[in-house]
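Only one structure is covered here, and it is reproduced in the block below.
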Amino acid sequence: MRPCPNDPLTAMTATTAPQRTNLLGLSREQMEAFFLSIGEKKFRAAQVMKWIHHEGCDDFEAMTNLSKALRARLAEVAEIRGPGVVYEGTSSDGTRKWVLEVEDGSYVETVLIPADNGSRRTLCVSSQVGCSLDCSFCSTGKQGFQRNLTAAEIIGQVWVASRSAGPQKDTAQRAVTNVVMMGMGEPLMNYDNVVPAMKLMLDDSAYGLSKRRVTLSTSGVVPMLDKLGDEVDVSLAISLHAATDELRSELVPINRKYNIRALLDACHRYLAKCDSARVVTIEYTLIKDVNDQQQHATELAELLHELPCKINLIPFNPFPHSGYEKPSRNQVMRFQQWLYELGYNAPIRTTRGDDIDAACGQLVGRVKDRTKRHARYIQSIQLDAD
Ligand code: SF4
């Protein structure tokens with residue numbers, strides 16, 4: 001059997017060059033398996049997880065409830081290696097942003113958005129370097145796809161943000177109270193690494209967030225959505241953006257493979273596996289003259305009438321050469337009012353952290369584009385201009 005590149009324990013069993021196992025991204029089960037593999041008891045897993053995730057510790061020598069011998073053994077066979085911080089900025093509205101360097105020198109970004117009343121601090125986490133899905137209104141999509149992040153690189157974003165506020169003993173004072181998998185990348189295209197990372201977000205020996213405070217946002221990878229519901233219980237957000245297949249296929253190309261009906265059916269199946277009070281969050285990016293007219297509001301309300309859901313309206317955030325425009329404030333309010341009259345109280349998501357470019361994919365800029373999508377995109381713009 002070939003070793004699985006996504007298996008964090010592969011390094012422990014490899015017979016070639018010894019490689020230290022990075023404990024940062026191991027879920028509880030994986031951590032327990034690791035300790036069993038070095039002849040230790042399972043309960044060491046919770047002890048070490050608390051040091052890593054509650055205390056932000058990356059030095060085995062500081063883990064004073066472990067014996068000296070075990071600390072020395074861990075230093076030989078394991079490590080705690082998070083992403084490097086390349087940039088850290090705080091916006092005038094309190095939004096914080098980190099640009100992080102991961103294994104191959106790529107950059108990813110993570111953003112911590114405080115609620116106005118201070119009750120929540122929501123971390124927007126990336127799952128991939130770039131994205132392969134090429135949604136037409138998304139700057140990350142225009143950067144092409146480089147690779148999936150490992151579980152350590154995904155949870156490492158929470159680790160970096162949490163560490164910035166010191167040890168996490170007091171839950172009320174935690175730096176991160178909510179996580180949304182809504183940064184760069186499509187999380188369900190990186191399922192094998194996203195799931196262990198989300199398990200750590202939920203685990204009491206790590207971040208201990210409730211399932212309502214961890215949200216996975218997907219553009220609709222239907223088979224993986226079904227699998228997700230069998231494996232982990234988190235809140236679900238759908239990047240819908242259009243109520244007809246014709247328009248959605250233009251905005252979100254994966255719709256050509258899994259259409260709106262298939263996606264909504266998968267949402268119903270997902271909710272059937274959760275507690276009865278759960279609803280899906282529908283994300284609807286409003287683009288001027290594309291999907292912001294009364295007819296679109298009517299179609300949206302008709303489409304969603306059987307799905308327990310709430311709608312978030314997101315005014316389009318322009319980026320160079322997108323070809324789209326942001327609707328006026330008045331048009332956004334009108335769209336909200338049409339939905340209200342159709343029975344939906346749809347909040348408008350305000351743009352935060354403008355002065356530090358906190359919107360998805362904007363600060364990192366272009367990632368290494370192995371798909372050459374960015375080059376083709378620029379070429380097409382130039383051809384259009386000729
Ligand atoms: S919206 Fe999400 S899925 Fe679509 S291209 Fe952007 S990052 Fe990828």
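Whatever order the structure lists ligands and atoms in, that order sets their numbers, starting from 1. Note that the numbering runs from 1 along the sequence shown for the chain.
Under a 4.0 Å criterion applied to the non-hydrogen atoms of G141, ligand 1 contributes the atoms 5 (S). Counting atoms of ligand 1 from 1 in the listed order, those under 4.0 Å from a heavy atom of G185 are 7 (S). In summary, the atoms of ligand 1 found under 4.0 Å from a heavy atom of D134, numbered by their order in the structure, are 5 (S).
For the pair D226 and R269, the salt-bridge criterion is met [side-chain N within less than 4.0 Å of a carboxylate O].
No donor-acceptor distance shorter than 3.5 angstrom exists from the side chain of S27 to the backbone of P196, with no hydrogens or angles considered.
Taking only non-hydrogen atoms, the option from C138, G130, G220 nearest to atom 6 (Fe) of ligand 1 is C138.
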What pairs of donor and acceptor atoms, side-chain ones from residues 229-238 against any protein atom, are under 3.5 angstrom apart with sequence neighbours left out?
| residue | atom | partner | partner atom | Å |
| --- | --- | --- | --- | --- |
| D230 | OD1 | K273 | NZ | 3.0 |
| E231 | OE1 | Y191 | OH | 2.7 |
| D233 | OD1 | R278 | NH1 | 3.2 |
| D233 | OD1 | R278 | NH2 | 2.9 |
| D233 | OD2 | K211 | NZ | 3.4 |
| D233 | OD2 | R278 | NH2 | 3.3 |
| S235 | OG | K211 | O | 3.2 |

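No option in L216, V179, L149, V194 other than V179 meets the side-chain contact (heavy atoms from CB on, under 4.5 Å) test with V125.
Relative ring orientation between H241 and Y284 is described as tilted, the plane-to-plane angle lying within the 30° to 60° band.
Residue contact annotation: C131 places an N/O/S atom under 2.8 Å from atom 8 (Fe) of ligand 1.
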